[in-house]
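Every chain is numbered from 1 and lettered A, B, ... according to where its sequence line falls, protein lines coming before strand lines.
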Amino acid sequence: MPELPEVETTRRGIQPYVEGNTISKMVVRHRGLRWPVPEQLEAIVKDQRVTKVERRAKYLLFRCDKGTLILHLGMSGRLRVLDNDHNIGKHDHVDIYINNGHVLRFTDPRRFGAVLWTEADTDTHQLIAHLGPEPLADLFNADYLYQKAKGRSGNIKSFIMNGEIVVGVGNIYANEALFLAGIHPAKAAGKISKAKMAELVEAIKLVLNRALLAGGTTLRDFRKSDGKPGYFAQELNVYGRENEPCLRCQAPINCIRQAQRATYFCKQCQRR
DNA sequence: ACATTGACCTGGGAGC
DNA sequence: TGCTCCCAGGTCAATG
């Protein structure tokens, strides 16, 4: 499910139920996520107050009294607020009980997600320390991207999906942003002009902001944290539209594979 | 330093 | 109906 807008939508959805409250209990039914859920986590988080619910890249960060609970939704993860703990499903791996009667439930069929704990500054955490800027921050601009791309021969699509360059640009929005900027996804990152990079930066910010406003894209199983679907899928220009007419020029949309991921683009509108 | 590939998992849909 | 194959929103770790 989750690209950055979905993760941020989830954060906003759960924040009012969690922030300022205390974790009364945690139940882990399946420790085998991307990394094992730490053995002592239930005991560690019990009775800790959550002071902030933040996000860095696609990581959700629950700032607690004694450290930070780090949660990643992976490819198929979901986090919902429930009024009770009924109807436990096969993929409901972790429940976090809040002292206001709500339960945060982490569901993840593919188990690519993660639930971890750190007592160190998260900026120095192994998984977070090397991440690039947030795409919606001012730091992410044409100068930055152009400088980073200098001398790079790899394709621009993989480049913008690289979390060390910029975080939060997943497959769907990488496709959409390149279409809006009129850049061929296979073009070498280092051969793109600064002017084009400026267009790309604006396109990335635009698609992410739009999706954020819509509450995240609905594809397969995405639901906002309250269980209602998001509704951005109908605004996609190229993603998932192989052989359908380009919405700008009517030429059929192409689909190729880059780094084992599907890339959709229009040959007419996105020149090399 | 950079680029590419495999790996982690399950479920759903297409095709036979 | 049921089997097999392929695909899926992420991203780390290992390899050239």
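The NZ atom of Lys150(A) sits 13 Å away from the P atom of dC2(B) (whole-angstrom rounding). Atom CG of Leu73(A) and atom C1' of dC12(C) are 17 Å apart (whole Å). Here dT11(C) presents its P atom at 12 Å from CD1 of Ile128(A), a figure rounded to the nearest Å. In this structure, His30(A) atom NE2 and dC9(B) atom C1' are separated by 9 Å, rounded to whole Å. In this structure, Arg111(A) atom CZ and dG9(C) atom P are separated by 20 Å, rounded to whole Å. The separation between Leu4(A) atom CG and dG10(C) atom C1' is 13 Å, rounded to whole Å. The interatomic distance linking Lys157(A) (NZ) with dA3(B) (C1') rounds to 16 Å, in whole Å. Atom pair Leu131(A):CG and dG10(C):P shows a separation of 14 Å (rounding to whole Å applied).
When the side-chain nitrogen and oxygen atoms of Tyr239(A) are compared with OP1 and OP2 of dG9(C), one or more of them lie within a distance under 4.0 Å. For the OP1/OP2 pair of dA3(B) and a distance below 4.0 Å, the side-chain nitrogens and oxygens of Ser153(A) include at least one atom meeting the criterion. Within the structure, every side-chain polar atom (N or O) of Arg34(A) is placed at least 4.0 Å from both OP1 and OP2 of dC8(B). Considering only side-chain N and O atoms, His130(A) lies nowhere under 4.0 angstrom from the phosphate OP1 or OP2 of dC12(C). A sub-4.0 Å separation between OP1 or OP2 of dT10(B) and a side-chain N or O of Lys90(A) is absent. Taking side-chain N and O atoms only, His72(A) has a distance below 4.0 Å to OP1 or OP2 of dT11(C).
Scanning atom types as modelled, one donor and one acceptor separated by under 3.5 angstrom connect the side chain of Arg110(A) and the base of dC9(B).
Of the two residues contacting DNA chain C, namely Gln260(A) and Gly168(A), the nearest-nucleotide position lying further toward the 5' end is that of Gln260(A). Residue-to-nucleotide proximity on DNA chain B shows that, of His91(A) and Gly151(A), the 5′-proximal contact is made by Gly151(A).
Residue contacts shown for Phe159(A) are absent, as no nucleic acid heavy atom lies under 4.0 Å away. Residue contacts for Lys148(A): at a heavy-atom cut-off of 4.0 Å it reaches no nucleic acid atom on any strand shown. Residue contacts shown for Gly163(A) are absent, as no nucleic acid heavy atom lies under 4.0 Å away. Across all strands, Arg261(A) comes closer than 4.0 Å to base atoms (heavy-atom distances). Within 4.0 Å of Gln126(A), counting heavy atoms only, lie sugar-phosphate atoms of the nucleic acid but no base atom.
Nucleotides dC9(B) and dA14(C) place their P atoms 16 Å apart, quoted to the nearest Å. dA1(B) and dT11(C) have their P atoms separated by 23 Å, with the value rounded to a whole Å. Comparing the P positions of dC6(C) and dG6(B) gives an interatomic distance of 15 Å, to the nearest angstrom.
Taking 4.0 Å as the cut-off between side-chain N and carboxylate O, Glu6(A) and Arg78(A) do not count as a salt-bridged pair. Taking a cutoff of 4.0 Å between a charged side-chain nitrogen and a carboxylate oxygen, Lys194(A) and Asp143(A) qualify as a salt bridge. Between Glu54(A) and Arg63(A), at least one side-chain nitrogen of the basic residue sits less than 4.0 Å from a carboxylate oxygen of the acidic one, meeting the salt-bridge criterion.
An aromatic stacking contact links Phe112(A) with the base of dC8(B), defined here by ring centres under 5.5 Å apart and ring planes under 30° from parallel.
Out of dC12(C), dG9(C), dG11(B), the shortest distance to the side chain of Asn171(A) is found at dG9(C). Of the candidates dG11(B), dG9(C), dT5(B), dG9(C) carries the atom nearest the Met75(A) side chain, counting heavy atoms from C-beta on. In the set dG10(C), dT10(B), dG9(C), the nucleotide with an atom closest to the side chain of Ile172(A) is dG9(C).
Applying the ring pair (Phe, Tyr, Trp, His ring centres under 6.0 Å) criterion to Phe265(A), with sequence neighbours excluded, gives His184(A). Scanning for side chain to side chain donor-acceptor pair (under 3.5 Å) contacts around Thr107(A) gives Arg80(A), Asp92(A), with sequence neighbours left out.
Among the candidates Val50(A), Leu116(A), Leu41(A), the single residue satisfying the side-chain contact (heavy atoms from CB on, under 4.5 Å) test with Leu69(A) is Leu41(A).
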### Summary
Symbol by symbol from the 5' end, with Watson-Crick or G-U pairs under 3.5 Å, [ ] crossing and | another strand, DNA chain B is .|||||||.|||||||
### Message
Before you tell me yes or no, could you show the steps for Arg31(A) and Glu39(A) under salt bridge (charged side-chain N to carboxylate O under 4.0 Å, His left out), namely the whole-Å CA-CA distance, both residues' side-chain angles and the distance that decides it to 0.1 Å?
### Response
CA-CA 8 Å; Arg31(A) 310 198 91 85; Glu39(A) 270 311 316; 3.7 Å; yes
### Task
Kindly indicate, with the supporting measurements, whether the criterion side chain to side chain contact (heavy atoms under 4.5 Å, CB included) is fulfilled by His125(A) and Thr68(A).
CA-CA 11 Å; His125(A) 190 276; Thr68(A) 303; over 6 Å; no
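Remark: Arg248(A) qualifies as a cation-pi partner of Phe179(A) under the 6.0 Å distance and 45° angle criteria applied to the six-membered ring.
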